[in-house]
Amino acid sequence: MATMVALRKSTGAISSGARSLLSFQRGFGTSDHGYTLPDLPYEYGALEPVISGEIMQLHHSKHHQAYVTGFNQAMEKLKEAHSKRDPQTIVQLQSLIKFNGGGHVNHSIFWQNLAPVKEGGGAPPEG
């Protein structure tokens, strides 16, 4: 129940978080070196006391980054497999691409669905 506090309130309109997500989907957080870890739209400690800043930093900078790194590595291997016309490797890479790419996309959506109370997040429960 406590984690629900930080969920962004829904107004029915497209929120700034949704707009950011749509922008993210179009560009998919890429650079010349592959896919990148998106910045959070708030500080690590902004969701305290519901979610600690330490947990947010660990989850974002280590856990989510691991998906981004794994996705970039898998996509680089896929590029090599395509250039070598190696269908066996291409098929084998599909699960890594789905796992890491899916983890990256899911976490990018997750960050946009959380917000501090002062930025539209839910209020702490009373009582």
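Just so you know, these numbers come straight off a predicted model, no measurement behind them.
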Measure the CD1-NE2 distance between Ile109 and His107 for me, rounded to the nearest 0.5 Å.
11.0 Å
Given side chains that start at C-beta, do those of Glu43 and Pro116 come closer than 4.5 Å, heavy atoms only?
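A side-chain contact under 4.5 Å is absent here.
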Please say which of Lys77, His82, Glu76 ends up in a side chain to side chain contact (heavy atoms under 4.5 Å, CB included) with Leu93.
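Exactly one pass, corresponding to Lys77.
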Residues clustering with Phe99 (ILVMFWY side chains joined when closer than 4.5 Å, directly or via others):
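When side chains under 4.5 Å apart are linked, the cluster holding Phe99 also contains Tyr67.
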For the backbone of Asn100 and the side chain of His104, can you confirm whether one donor and one acceptor N or O come within less than 3.5 Å of each other?
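Checked: no pair found.
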Can you give me the closest heavy-atom contact between Trp111 and Tyr42, atom names plus distance?
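Taking every non-hydrogen atom into account, O-OH, 2.9 Å.
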By the definition side chain to side chain contact (heavy atoms under 4.5 Å, CB included), identify the one residue from Asp39, Leu40, Ile55 that meets it with His60.
Leu40
Can you find a heavy atom in the side chain of His64 that is under 4.5 Å from one in the side chain of Ser108?
yes
Enter the distance from Leu78:CG to Ile97:CD1 here, rounded to the nearest 0.5 Å.
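Taking CG in Leu78 and CD1 in Ile97, the distance rounds to 4.5 Å.
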Do the non-hydrogen side-chain atoms of Gln65 and Val68 ever get within less than 4.5 Å of each other?
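Gln65 reaches Val68 side chain to side chain.
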Can you check whether Gly53's main-chain N or O pairs, donor with acceptor, with Glu48's side chain at less than 3.5 Å?
yes
Please report the interatomic distance CG(Leu47) to CD(Glu119), rounded to the nearest 0.5 Å.
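Between Leu47 CG and Glu119 CD, I get 9.0 Å after rounding to 0.5 Å.
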Would a line drawn from the ring center of Phe110 to the ring center of His59 be shorter than 6.0 Å?
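Yes, close enough.
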Euclidean distance, Ile90 CD1 relative to Glu80 CD, rounded to 0.5 Å:
11.5 Å
Does a side-chain heavy-atom distance below 4.5 Å link His63 with Leu58?
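Counting from C-beta outward, His63 and Leu58 never come under 4.5 Å.
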